[in-house]
**Q** 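I'd like to ask some things about the structure below.
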Amino acid sequence: MMKAFVFPGQGAQFSGMGKDLFDQYDWARDLFGAADDIMGFKISDIMFSGTADDLKRTDITQPAVFIHSVAVARSLGEEFKPDMVAGHSLGEYSALTAAGILSFEDGLRLVRARANAMQKCCEKVPGTMAAIISLDDDRISAICEELNAKGLVVVPANFNSPGQVVISGAVEAVEAACPLMVEAGAKRALPLTVGGAFHSPLMTPAKDELQEAIYNTSFNTGICPVYQNFDAKPHTDPAEIRQNLVSQLNSPVRWTQSVINMINDGAEEFTECGPGTVLTNLISRIRKSLS
């Protein structure tokens with residue numbers, strides 16, 4: 001049986017994450033200690049006992065979810081034998097680390113750099129996102145293109161599952177898009193409480209800043225292919241993985257297609273490593289759409 005391990009992104013965080021592993025394992029205490037050293041403050045304290053608001057800041061959320069996800073994968077011990085891995089947005093960094101393509105220290109440094117670059121972007125250019133429920137992907141893309149032609153920046157950002165796509169862009173563009181999506185037949189267009197326009201052209205300054213950090217980081221050949229957000233395809237070549245990671249920041253997350261490709265390539269069992277069960281639920285929906 002071919003096994004796939006998947007890693008969640010921002011939004012799955014909760015207060016208390018990782019405390020059970022910290023209490024149980026010496027290696028986990030070492031891991032959290034190393035994370036605190038790299039971050040320059042006790043992020044473990046915020047993870048274990050911070051408020052929801054403390055954990056909601058992009059520059060805290062992303063490292064926290066990454067640290068927890070890698071710790072969960074390590075807690076599986078001999079059971080962590082992936083034939084393939086994938087991560088949603090930020091989760092791609094967790095997947096690369098769990099598969100040995102990045103070291104934990106380098107992975108966390110990149111996540112910190114990514115989160116800081118994105119936070120700066122959010123503060124300079126206000127943006128937002130909205131979930132579009134039960135509307136065809138092509139129709140969503142067409143509406144976004146119509147608005148772009150009028151100078152309003154909005155794009156499909158996350159293809160999460162059939163019938164669930166997240167759009168992203170300038171605040172006024174997303175606000176203009178939502179009623180058009182409902183008119184076109186969407187059941188709902190739900191504004192999301194997020195700090196910015198992730199995976200949209202508004203993140204290009206963050207991508208440019210992150211690119212240097214990615215190219216100055218050592219990437220290894222991993223234990224299995226990683227299906228990357230940028231093109232939904234399996235990659236093992238460190239140069240390709242690095243380039244796709246740079247492109248990820250202002251390109252859509254092709255999660256539906258990634259999961260379909262993993263299933264077509266033989267994945268039978270999916271295990272989610274990290275806080276929550278968001279990806280498990282999305283994978284269930286994607287599987288139903290194939291049957």
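Since the model is a prediction, treat every value here as computed from it, not as a measurement.
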**Q** For residues 197-209, which residue pairs qualify under salt bridge (Lys or Arg N to Asp or Glu O under 4.0 Å), counting only residues two or more places apart or in two chains?
**A** Lys120-Glu209
**Q** For the residue pair Thr204 and Asn250, confirm or rule out a side-chain donor-acceptor distance under 3.5 Å.
**A** yes
**Q** Which pairs of donor and acceptor atoms, one on a side chain in residues 50-60, lie under 3.5 Å apart (sequence neighbours left out)?
**A**
{"unit_1": "Thr51", "atom_1": "OG1", "unit_2": "Asp53", "atom_2": "N", "d": "3.4"}
{"unit_1": "Thr51", "atom_1": "OG1", "unit_2": "Asp54", "atom_2": "N", "d": "3.0"}
{"unit_1": "Thr51", "atom_1": "OG1", "unit_2": "Asp54", "atom_2": "OD1", "d": "3.4"}
{"unit_1": "Thr51", "atom_1": "OG1", "unit_2": "Asp54", "atom_2": "OD2", "d": "3.1"}
{"unit_1": "Asp53", "atom_1": "OD1", "unit_2": "Lys56", "atom_2": "NZ", "d": "3.4"}
{"unit_1": "Asp54", "atom_1": "OD2", "unit_2": "Thr51", "atom_2": "N", "d": "2.9"}
{"unit_1": "Arg57", "atom_1": "NE", "unit_2": "Asp59", "atom_2": "OD1", "d": "2.9"}
{"unit_1": "Arg57", "atom_1": "NH2", "unit_2": "Asp59", "atom_2": "OD1", "d": "3.2"}
{"unit_1": "Arg57", "atom_1": "NH2", "unit_2": "Asp59", "atom_2": "OD2", "d": "2.5"}
{"unit_1": "Thr58", "atom_1": "OG1", "unit_2": "Gln10", "atom_2": "NE2", "d": "3.3"}

**Q** Among the clusters formed by ILVMFWY side chains lying less than 4.5 Å apart, do Met118 and Leu108 turn up in the same one?
**A** yes
**Q** Please output the side-chain donor-acceptor pairs of residues 150-170 that fall under 3.5 Å, not counting sequence neighbours, one pair per line with the distance.
**A**
{"unit_1": "Asn160", "atom_1": "OD1", "unit_2": "His88", "atom_2": "NE2", "d": "2.8"}
{"unit_1": "Asn160", "atom_1": "ND2", "unit_2": "Gln164", "atom_2": "OE1", "d": "2.9"}
{"unit_1": "Ser168", "atom_1": "OG", "unit_2": "Ala197", "atom_2": "O", "d": "3.4"}
{"unit_1": "Ser168", "atom_1": "OG", "unit_2": "Phe198", "atom_2": "N", "d": "3.3"}
{"unit_1": "Ser168", "atom_1": "OG", "unit_2": "Phe198", "atom_2": "O", "d": "2.8"}

**Q** Is there side-chain contact between Phe219 and Asp106, with at least one heavy-atom pair below 4.5 Å?
**A** no
**Q** Of Arg139, Arg188, Met181, Lys187, which is the lone residue that meets side-chain contact (heavy atoms from CB on, under 4.5 Å) with Ile132?
**A** Met181
**Q** Looking only at atom types and distance, does a side-chain atom of Gln248 sit under 3.5 Å from a main-chain N or O of Val253, one as donor and one as acceptor?
**A** no
**Q** Do we see a donor-acceptor contact under 3.5 Å between the side chains of Tyr215 and Gln243?
**A** yes
**Q** Gln13 side chain to Ala64 main-chain N or O, any donor-acceptor pair under 3.5 Å?
**A** no
**Q** Are Phe32 and Phe7 connected, step by step, through hydrophobic side chains (Ile, Leu, Val, Met, Phe, Trp, Tyr) whose heavy atoms are closer than 4.5 Å?
**A** yes
**Q** Would you mind reporting whether Thr128 and Leu192 have side-chain heavy atoms less than 4.5 Å apart?
**A** no
**Q** So that I know where these two stand, are Phe66 and Phe104 an aromatic pair - ring centroids less than 6.0 Å apart?
**A** yes
